[in-house]
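All remarks here apply to the structure that follows.
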Amino acid sequence: MSLIKELTWRGMIHDSMPGVEEHLNEAMRAGYVGVDPTADSLHIGHLVSIMMLKHMQVAGHKPIALVGGATGMIGDPSGKSNERNLLDEETLRKNQEGIKNQLKRFLDFDSNEPNVAELVNNYDWMKSFSFLDFIRDVGKHITVNYMMAKDSVKKRLSSESADGMSFTEFTYQLVQGFDFLQLYRDKNCTIQMGGSDQWGNITTGTEMIRRIDQGKAFAVTCPLITKADGSKFGKTESGNVWLDPEKTSPYKFYQFWLNTSDEDAAKYIKIFTLLDQKTIETLIKEHQEEPHLRKLQKTLAEELTVMVHSKEDLDNAIIASEVLFKKGEEALAGLKAMNERLILDVFEGVPQAEVSKSEISNGLSIIEALVDKGGFLKSNGEARRELKQNAISVNKQKVGEEKELNTDDLISDKFILLQKGKKNYYLLNVVD
RNA sequence: GGGGAGAUACCAAAGCGGCCAACUGGGGCAGACUGUAAAUCUGCUGUCUUCGACUUCGUAGGUUCGAAUCCUGCUCUCCCCA
């Protein structure tokens, strides 16, 4: 199946220039997407771009990831808001390294195949480009009229925008356009891909290639990822979902995908996994018949966790999920199977408190543990109330007011897991 | 500057001498149901040594056997007229 057809059934094409398909069928082509090096890790908002590159490589074409060191310093006006922070070069290099390491999980950067992936940084060719040279060699060929016609610019010039747009931002499309020209010349790169908000910037590039080098290049954009409920994709209460396990634990990563709504899951599974059309269609059908099994979400979460992290991380995430969301014996068994590191990982961010081992071995009343020792609940009255309402669990087992903690309740010889209701966890850390 | 209204728990809003720890709605928390969803239903939502006691209704006093409720000073908010 051709690349364009592949991307089309996956719902990953928002717009494309006529003739791309033939162009791609003729020979091996090189295509690129830009990535902002604003952090030393990618987050799941970048995944669509990565998947587009991945599909390129799978289809036998050459993917190029362009780290926007230079463009990241300017800020894209088609984004919403304000001017962007300027990054210094040291941070830039560090971020670039982090990003490359993550891209390696998806793309082949090391083989001897002709379509091996490459990583470039536009800072490398922009940094020594003098202003004078730039306006003469690049600026000369693009009219301001052309630049002003872009939606991204128009929007910023209109009265809705309070801040106006700086000249720096205005030139953004020239810089991004020049990247394309540079890659066209240097690596015979003829395709640029990106989110649909990038269409204007990309076409400035194809325009430059046409006017300056009389070349032919193409733009392909994918729809911006949305969520059925209208909230922003890729964010949780605690912020971005990162690919870096230090920033977002594999468990949380797994959970993020598992919690996808039915509607979104069908869409996402096409975009974010490499499963073939038949498999996905079967899954969607099964899901419609038995939605409560949530096969789509499970498959989505599993595929992505393995792809971004590892099989082992997935297994741990599943164990952890069982502990947190199953009841009774099953959960207890899972809890016992968790090692110290996994426990700390899963319960990262839940309130913790320390108690001495002697207090536990002497027997500690549940009320005292919740209020005086743990400080998890405000008052004894509240603790009593919750206990009466059957809301308190110790190690996933519901307990009553008469419960006393003792050494039998220790997990990994170190923890006691207290819980109010389904979602509120408290970890008692037992120290000598 | 003159006149009027008001200040109640997380928010909104009842109560106007004892039956008020304070109606009701929202929010929050929990329980049931469920798909770690949505909806729905139920309970809880001042503190404590919890079948009882204690401290709360802007703030400080006063009247009274008894005050969120009546009186006085103070602080703040809103409205109307200049």
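Proteins get letters first, then strands, A, B, ... in listed order; numbering begins at 1 in each.
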Residue [X], side-chain heavy atoms: nucleotide from [options] that is nearest:
X         : options                : answer
Asn259(A) : U49(B), A30(B), U36(B) : U36(B)
Glu386(A) : C44(B), A30(B), G35(B) : A30(B)
Asn424(A) : U36(B), U50(B), A30(B) : A30(B)
Lys398(A) : U36(B), G31(B), U45(B) : G31(B)
Asn380(A) : U36(B), C48(B), U34(B) : C48(B)

Take atom [atom1] of [X] and atom [atom2] of [N], then tell me their distance rounded to the nearest Å.
X         : N      : atom1 : atom2 : value
Lys388(A) : U50(B) : NZ    : C1'   : 7 Å
Lys420(A) : G28(B) : NZ    : C1'   : 9 Å
His287(A) : G35(B) : NE2   : P     : 12 Å
His292(A) : U36(B) : NE2   : P     : 10 Å
Ile392(A) : C29(B) : CD1   : P     : 14 Å
Trp257(A) : A37(B) : CH2   : P     : 19 Å
Glu382(A) : C29(B) : CD    : C1'   : 8 Å
Glu401(A) : C48(B) : CD    : C1'   : 13 Å

Watson-Crick or G-U wobble partner of [N], both distances under 3.5 Å:
N      : result
A37(B) : none
C70(B) : G62(B)
U50(B) : none
G17(B) : none
C29(B) : G43(B)
C78(B) : G4(B)

- If you pin Gln389(A) and Gln297(A) to their nearest nucleotides in RNA chain B, which one's is more 5'? Gln297(A)
- Hey, which sits more toward the 5' end of RNA chain B by its nearest nucleotide, Asp262(A) or Ser379(A)?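 Comparing both residues, the 5'-ward one is Asp262(A).
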Expressed in whole Å, how much space separates the [atom1] atoms belonging to [N] and [M]?
N      : M      : atom1 : result
A67(B) : U72(B) : C1'   : 15 Å
G26(B) : C48(B) : C1'   : 29 Å
G27(B) : U77(B) : C1'   : 24 Å
A68(B) : C51(B) : P     : 25 Å
C79(B) : G61(B) : P     : 32 Å
C29(B) : A37(B) : P     : 13 Å
C23(B) : C57(B) : C1'   : 14 Å
C74(B) : U24(B) : P     : 38 Å

- Heavy-atom donor-acceptor pair, Gln255(A) side-chain to U36(B) base, under 3.5 Å: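 Indeed, a donor on one side and an acceptor on the other fall under 3.5 Å apart.
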- Message: Ignoring hydrogens and geometry beyond distance, is a side-chain donor-acceptor pair present between Gln297(A) and Asp262(A) at under 3.5 Å?
- Response: yes
- Decide salt bridge (charged side-chain N to carboxylate O under 4.0 Å, His left out) for Glu302(A) and Lys298(A); before the verdict, give the C-alpha distance in whole Å, the side-chain angles of both, and the deciding distance to 0.1 Å. CA-CA 6 Å; Glu302(A) 283 168 16; Lys298(A) 280 183 187 157; over 6 Å; no
- Carboxylate-amine/guanidinium contact Lys5(A) Glu21(A), below 4.0 Å: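 Salt bridge present between Lys5(A) and Glu21(A).
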- Residues Arg93(A), Asp40(A): salt bridge by 4.0 Å N-O rule: no
How is [X] classified with respect to the nucleic acid when contacts are heavy atoms under 4.0 Å: base, sugar-phosphate, or nothing?
X         : result
Ser321(A) : base
Arg294(A) : base
Leu258(A) : base
Gly381(A) : base
Lys295(A) : nothing

- Would you say U45(B) has OP1 or OP2 under 4.0 Å from some side-chain N or O of Arg384(A)? no
- Under the 6.0 Å and 45° cation-pi test, does Lys100(A) pair with Phe109(A)? yes
- Expected output: side-chain Asn122(A) to main-chain Ala70(A) donor-acceptor under 3.5 Å: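 Yes, because the side chain of Asn122(A) sits within donor-acceptor range (under 3.5 Å) of the backbone of Ala70(A).
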- Message: With a 6.0 Å cut-off on the ring centroids, do Tyr251(A) and Phe347(A) count as close?
- Response: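 Between Phe347(A) and Tyr251(A), which both carry aromatic rings, the centre distance is not below 6.0 Å.
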- Message: Would you say that Arg10(A) contacts Ile269(A) through its side chain, given a criterion of any heavy-atom pair below 4.5 Å between the two side chains?
- Response: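 A side-chain contact is absent here, since even the closest heavy-atom pair is not under 4.5 Å.
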